[in-house]
Amino acid sequence: MQTKRFFAGFLVVSLILAGIVSYYASSSPDGLEKVASDKGMAAQEREHALAGSPFGDYGVEGVDDGRLSGGLAGVLGVGLVLVVSGGLFWTIRRRGGSEARSEPRAEPRTD
Amino acid sequence: MHAPDGFIDAPVSIAAGAVAVAGVGLALRGATRELDDRTAPLAGLTAAFVFAAQMLNFPVASGTSGHLLGGALAAILVGPWTGVLCVAVVLLLQALLFADGGLTALGVNVITMSLVTVAVAYPLFRALVRVLPKTRAAAAGASFAAALVSVPASAVAFTALYALGGTTDVSIGTVAGAMVGVHVLIGIGEALITAATVSSVLAVRPDLVHGARELRRRPELRTRAAGASGADRAEPSQA
């Protein structure tokens with residue numbers, strides 16, 4: 001599969017998961033929340049400083065439809081994570097295509 | 001697994017923040033060796049995928065849910081240092097934009113969900129890949145095991161931080177038992193998602209899976225390889 005096509009597919013899958021499938025996610029408390037409420041740890045919990053932010057709790061403020069609100073927040077999040085992390089990774093990468101390199105450094109040992 | 005504000009006291013939160021900054025700083029250095037023109041976009045997409053998958057809470061036992069942490073998956077796909085950064089970026093944006101995970105708990109959350117999951121999962125994955133047959137199925141199995149172990153390890157790390165700086169007077173044994181118990185179940189979900197994703201990528205582009213480079217050699221030897229068409233097939237993975 002071509003690299004571009006593979007990357008496009010990977011992005012589309014992420015957008016579908018965050019934008020559409022997320023609506024069907026379980027709304028039960030997650031493992032830590034459950035343990036915290038069962039064992040009394042939640043007593044000291046403070047509300048998030050940004051709880052009232054426009055995208056707080058994976059919804060978009062002002063969009064009443066739950067499916068649309070959550071889906072938009074998901075798509076926005078995927079886009080932002082891609083831009084922020086992709087920008088970071090592109091900045092710190094080794095320059096030059098890996099296929100074109102023949103120096104020993106082309107196969108970094110990381111294990 | 002995102003710890004909110006208030007669970008861990010200020011000194012331990014600050015110390016955890018310092019450890020997280022140091023870990024991310026090391027990862028920034030290490031990741032330069034893992035990233036190039038081809039893998040940098042993949043790493044960005046992997047972070048986006050981890051964000052998306054973290055929205056998908058799946059039910060586990062009795063009214064509890066869990067979601068992917070993603071450290072194992074990211075480390076296997078794009079390398080351990082880059083994997084740490086992928087999850088850390090996700091946690092940062094979740095805390096800043098979506099009010100998920102406390103701001104003062106960001107250091108705690110980076111330790112438990114990024115540093116610990118990668119530090120546990122990646123060496124385990126590599127060890128398994130080395131001893132198992134060099135097949136896609138074995139690599140998928142190794143990713144399953146690595147992801148499965150990473151989640152209770154993360155729960156143990158949280159419990160340890162809670163033992164140091166927890167703000168309520170709860171028996172640590174009780175917290176440990178409850179945290180590990182439920183996170184073993186969540187780890188099964190993590191393992192299924194990780195193995196499915198890793199085997200999907202291995203099926204189409206094995207050369208893009210950082211942790212399983214042994215599988216990059218394509219066994220595909222064309223039978224009509226009389227030598228005439230060898231030149232234009234020499235580069236199987238170009239864009």
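Remember, predicted model here, so these are calculated numbers, not experimental data. Reminder, nothing fancy here: chain letters follow the sequence lines and each chain counts from 1.
Within the 4.5 angstrom heavy-atom criterion, only side-chain atoms of A:Leu88, from C-beta onward, approach chain B. Of the two parts of A:Val78, the backbone and the side chain both hold a non-hydrogen atom closer than 4.5 Å to a non-hydrogen atom of chain B. Only the side chain of B:Leu208 has a heavy atom closer than 4.5 Å to any heavy atom of chain A. For B:Val170, the part sitting under 4.5 Å from any heavy atom of chain A is the side chain, from C-beta outward, and nothing else. For a residue to count as touching a neighbouring chain, one of its non-hydrogen atoms must lie under 4.5 Å from one of that chain's; by this rule A:Val13 touches chain B with the side chain only. Using a 4.5 Å cut-off between heavy atoms, B:Ser200 does not touch chain A at all. Using a 4.5 Å cut-off between heavy atoms, B:Ala155 makes no contact with chain A at all. For chain A, the nearby part of B:Thr104 is the side chain; its heavy atoms alone come within less than 4.5 Å.
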message: Does B:Leu97 form a side-chain contact (heavy atoms from CB on, under 4.5 Å) with A:Leu76? I'd like the steps, not just the answer.
response: CA-CA 10 Å; B:Leu97 250 89; A:Leu76 176 99; 4.0 Å; yes
- request: Test A:Thr3 against B:Arg205 for side-chain contact (heavy atoms from CB on, under 4.5 Å), laying out the working first.
  value: CA-CA 8 Å; A:Thr3 305; B:Arg205 289 299 300 268; 2.9 Å; yes
message: Is there a side-chain contact (heavy atoms from CB on, under 4.5 Å) between B:Val201 and A:Phe6? Walk through the geometry before answering.
response: CA-CA 9 Å; B:Val201 180; A:Phe6 172 78; 3.7 Å; yes
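Between chain A and the residues B:Val60, B:Val90, B:Val78, B:Leu85, the largest count of heavy-atom pairs under 4.5 Å involves B:Leu85. In terms of non-hydrogen atom pairs under 4.5 Å with chain A, the most contact-rich of B:Gly101, B:Ser171, B:Ala53, B:Gly66 is B:Gly101. When each of B:Val89, B:Val50, B:Leu92 is checked for heavy-atom pairs under 4.5 Å with chain A, B:Val89 comes out on top. No other option in B:Thr32, B:Thr174, B:Thr197 has as many heavy-atom pairs under 4.5 Å with chain A as B:Thr32. Per-residue counts of heavy-atom pairs under 4.5 Å with chain A were compared for B:Thr82, B:Thr168, B:Thr39; the largest is that of B:Thr168. When each of A:Gly52, A:Ala49, A:Gly56, A:Gly77 is checked for heavy-atom pairs under 4.5 Å with chain B, A:Gly77 comes out on top. Top candidate by heavy-atom pairs under 4.5 Å with chain B, chosen from A:Ala51, A:Gly86, A:Gly74, A:Gly79, is A:Gly74. Across B:Ser62, B:Gly181, B:Gly102, the residue that shares the most heavy-atom pairs under 4.5 angstrom with chain A is B:Gly102.
For residues 22-32 of chain A, heavy-atom neighbours of chain B at less than 4.5 Å comprise A:Ser22, A:Ala25, A:Ser26, A:Ser28, A:Pro29, A:Asp30, A:Gly31, A:Leu32, sorted by residue number.
Ring geometry, B:Phe51 versus A:Tyr58: the interplanar angle falls from 30° to 60°, so the pair is classed tilted.
Summarising the geometry, atom CG belonging to A:Leu80 is positioned 12.0 Å from atom CD belonging to B:Gln94; distances are rounded to the nearest 0.5 Å. With rounding to the nearest 0.5 angstrom, the CZ atom of B:Arg38 is 7.5 Å from the CZ atom of A:Phe7.
Looking at heavy atoms from C-beta onward, A:His48 lies in side-chain contact with B:Leu103 at the 4.5 angstrom threshold. No side-chain heavy atom of A:Ser53 sits under 4.5 Å from any side-chain heavy atom of B:Phe98. In this structure, B:Thr64 and A:Glu33 have side chains that are not in contact, with every pair of non-hydrogen atoms separated by 4.5 Å or more. For the pair A:Gln44 and B:Phe7, the minimum side-chain heavy-atom distance is 4.5 Å or more. Looking at A:Asp57 and B:Asp100, their side chains never come closer than 4.5 Å, going by heavy atoms from C-beta outward. Side-chain contact between B:Thr46 and A:Phe10: present, with at least one pair of heavy atoms (C-beta onward) separated by less than 4.5 Å. By the 4.5 Å heavy-atom criterion applied to side chains, B:Leu35 and A:Trp90 are not counted as neighbours. Residues B:Val175 and A:Met41 meet the side-chain proximity criterion, which asks for heavy atoms closer than 4.5 Å.
Between B:Leu45 and A:Leu11, the shortest heavy-atom contact is CD2-CB, 3.7 Å. The minimum heavy-atom distance linking A:Ser14 with B:Ala52 is given by the pair O-CB, 3.3 Å. Across B:Gly44 and A:Phe89, no two heavy atoms sit closer than the pair N-CD1, 3.6 Å. Shortest non-hydrogen contact noted between A:Leu50 and B:Leu96 is CD1-O, 3.2 Å.
Annotation: A:Asp65, atom CG; neighbour count of heavy atoms from other residues, nucleotides and ligands within 6.0 Å is above 12.
Between A:Arg93 and B:Asp36 there is no salt bridge, since none of the side-chain N atoms of the basic residue sits less than 4.0 Å from a carboxylate O of the acidic one.
Taking the salt bridge (Lys or Arg N to Asp or Glu O under 4.0 Å) definition, one finds that A:Asp38 meets it with A:Lys34, sequence neighbours left out.
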